[in-house]
Structure formats: structure tokens, C-alpha cells
Amino acid sequence: MSKDTSVTKAPIGVFDSGVGGLTVAREIMRQMPNEQIVYFGDTARVPYGSKSKPTIIRYTRQIINFLKTKNVKAIVVACNTVSAYALEEVKAELDIPIIGVVKPGAEVAASITKNGKIGVIGTVATIESKLYNKCIKEHNANASVFGTPCPLFVPLVEEGWVNDTVTFEVATRYLTPLLDTGIDTLILGCTHYPLLRNLIGEVMGDEVTLVNPAYETAAKLKEMLKEKGLENSASGQSIPHEFYVSDAAERFMSFANSILPYDVDTTKLVSIEEY
Ligand code: DGL
């Protein structure tokens with residue numbers, strides 16, 4: 001039987017509280033060049049990392065309602081905070097597949113650690129949720145997990161200070177206690193942090209393997225689309241990705257162009273509270 005191409009050619013909805021989820025969109029573009037992405041960044045309401053669970057769930061429902069108007073075939077929650085606080089709730093309400101970034105990142109960390117000591121850095125909300133701990137222990141019951149919130153990293157990345165001495169100093173303050181625990185694996189549990197990968201790597205040293213859940217999530221998405229017969233196998237076309245935000249479209253666009261292997265020439269504003 002031939003596949004329904006109106007479904008396989010449908011886009012994948014990817015969203016985050018702001019620009020951080022672009023690190024996940026970037027991996028999807030690299031690993032699945034045939035797939036179209038509709039990205040939403042909630043730039044008016046970022047950060048989510050300091051908000052309550054009910055608020056994060058309400059925002060998530062609005063964004064999913066918006067993405068559904070774009071007829072997406074699957075949704076990627078490209079935000080650790082949303083993955084930790086809202087994914088399970090909204091999953092039950094959806095008739096299309098949805099995946100988050102926490103499980104894929106936790107699974108790979110659990111399988112690559114040699115000494116069973118894993119660090120996780122993220123927003124206050126993500127670390128307090130302890131979802132990484134739970135997912136890691138499901139795969140490696142003997143693992144010890146050390147979580148540290150690094151709330152200043154998000155504004156520093158948004159400011160573009162990814163190779164700055166101030167950011168290095170902040171990273172040293174946050175990460176030295178983690179280094180002292182003897183971890184051999186560190187999960188970058190916030191979508192902004194892969195942009196600080198080099199700097200974090202410098203502080204942690206060569207003995208600690210950094211896990212970027214964005215990479216693992218894209219790989220998981222690829223597997224899932226294949227399994228469900230949803231992957232777009234039509235190649236050779238140029239893919240017109242779409243970008244939407246709730247505020248500051250110009251600023252978002254210049255950030256997107258600085259990190260994506262794709263020329264973003266339009267970013268549209270959405271009144272997300274109406275969804
Ligand atoms: N994107 C968020 C995350 O991955 C970080 C930014 C925020 O606090 O909204 O947790």
C-alpha cells in the first residue's frame with residue numbers, strides 16, 4: 001500500500017520557551033534533511049525555568065493548539081522544563097506523537113557512564129522536578145545523579161556571551177562542586193547549554209563526557225517517524241522551514257541565523273494567548 005504523502009510531507013512542530021530549542025531544530029535539520037520544521041519560540045514569556053507547573057502546562061497547551069493549526073504530524077518539546085513539567089499531561093490529550101528531550105538524554109547518559117556518577121545541569125524547575133534522576137535510574141538503577149541548577153546560563157547565552165570570561169567565571173562557580181563529586185558524564189539539561197558546550201567542556205576537563213540531549217532527541221525522532229511510517233522520504237526538494245514567536249521577531253531571527261544551517265528570512269509574530 002502506498003503511503004499517504006499528505007501526512008508524510010506534513011511538518012514537525014518544534015517548540016521552546018524561546019531560542020534554546022533552536023539547538024534541537026538544528027539537530028533535526030542535520031539528521032533529517034527531508035523534514036520540514038514549524039518552530040515556535042515563546043519569546044514573550046521566556047523564561048519557563050522559574051515558572052510554576054500549572055503555568056507551564058497552560059502555556060504548553062496553547063502552543064500545541066497553535067502548532068495543530070499548521071497540521072504538524074508530530075511534536076518535539078525542545079525544552080527541558082516543559083518536558084519535565086507538562087509532557088505527560090499533554091501527551092494523553094494528543095492524537096499525534098510527541099517527544100521531549102529529557103528521556104533521550106537520560107538514556108544515553110545512563111548507558112555511557114563508566115563509574116555510574118552522572119551530573120545534570122538545567123533550570124531550577126528541571127532540576128527540582130528530578131525527572132532526569134528518575135529516567136536515568138530506570139536504565140541504570142545503580143547510578144548516582146547529581147543535579148545543579150545554573151540559572152544564569154540562559155541570560156548569558158541570550159546576551160551572546162558564549163565565549164566570555166564572565167561566563168567562564170560563572171561556569172566555574174556552578175560546576176566546581178559538581179566536578180568534586182567525581183562524575184564522568186554531564187547532561188546539558190537545558191536547551192541553551194549546548195551553545196556553551198566548549199566553555200563547559202573547558203571547566204569540566206577531558207575526563208567528563210558531555211551529553212547533548214538535542215542530538216539524542218533528533219535521533220529518537222528519526223527512529224519514531226520511521227517506526228510509525230511518518231518519515232518524509234521525498235528528497236531533493238528545498239525545505240521551507242517556518243518560524244513563529246510571541247515577541248521580538250527580529251532579535252529571534254538574528255539569533256536563529258547565527259546558529260542554524262538554514263537561512264531564516266521571515267519570523268512571524270503569534271498572539272499565543274489566543275490559542
Ligand atoms: N528552554 C528552557 C529549558 O530547556 C530554558 C529557558 C527557560 O527557562 O525557559 O529548560
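One is the number of the first residue; the rest follow in order along the sequence. Ligands are counted one by one from 1 in listed order, and the atoms in each one are counted from 1 as well. Scope of the values below: all heavy atoms of this structure, side chains included, with no hydrogens, waters or symmetry mates.
One hydrophobic cluster, built from ILVMFWY side chains closer than 4.5 Å, holds both L196 and L260.
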(Q) Checking Y39 against F252 for the ring pair (Phe, Tyr, Trp, His ring centres under 6.0 Å) test, could you report, in this order, the C-alpha distance in whole Å, the side-chain angles of both residues, the deciding distance, and whether it holds? (A) CA-CA 11 Å; Y39 185 95; F252 173 91; 5.7 Å; yes
Q | E27/T217 under side-chain contact (heavy atoms from CB on, under 4.5 Å): CA gap, chis, key distance, verdict | A | CA-CA 8 Å; E27 283 305 328; T217 303; over 6 Å; no
Q.
With side-chain contact (heavy atoms from CB on, under 4.5 Å) as the criterion, how do V245 and R251 come out once you've worked through the C-alpha distance, each side chain's angles and the decisive distance to 0.1 Å?
A. CA-CA 10 Å; V245 289; R251 190 171 145 83; over 6 Å; no
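Checked against the 6.0 Å centroid criterion, the rings of Y275 and F40 do not qualify as a close aromatic pair.
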All N/O donor-acceptor pairs, side-chain side in residues 151-168, below 3.5 Å, sequence neighbours left out:
residue, atom, partner, partner atom, Å
E158, OE2, H192, NE2, 2.7
D164, OD1, V166, N, 2.8
T167, OG1, W161, O, 2.7

Under a 3.5 Å threshold, I'd like every N/O contact between ligand 1 and protein atoms, with atom names and distance.
residue, atom, partner, partner atom, Å
ligand 1, 1 (N), D16, OD1, 2.7
ligand 1, 1 (N), S17, OG, 3.3
ligand 1, 1 (N), T191, OG1, 2.8
ligand 1, 4 (O), N80, N, 3.0
ligand 1, 4 (O), N80, ND2, 3.3
ligand 1, 4 (O), T191, N, 3.0
ligand 1, 4 (O), T191, OG1, 3.1
ligand 1, 8 (O), Y48, N, 3.3
ligand 1, 8 (O), G49, N, 2.9
ligand 1, 9 (O), S17, OG, 2.6
ligand 1, 9 (O), Y48, N, 2.7
ligand 1, 10 (O), T81, N, 3.2
ligand 1, 10 (O), T81, OG1, 2.6

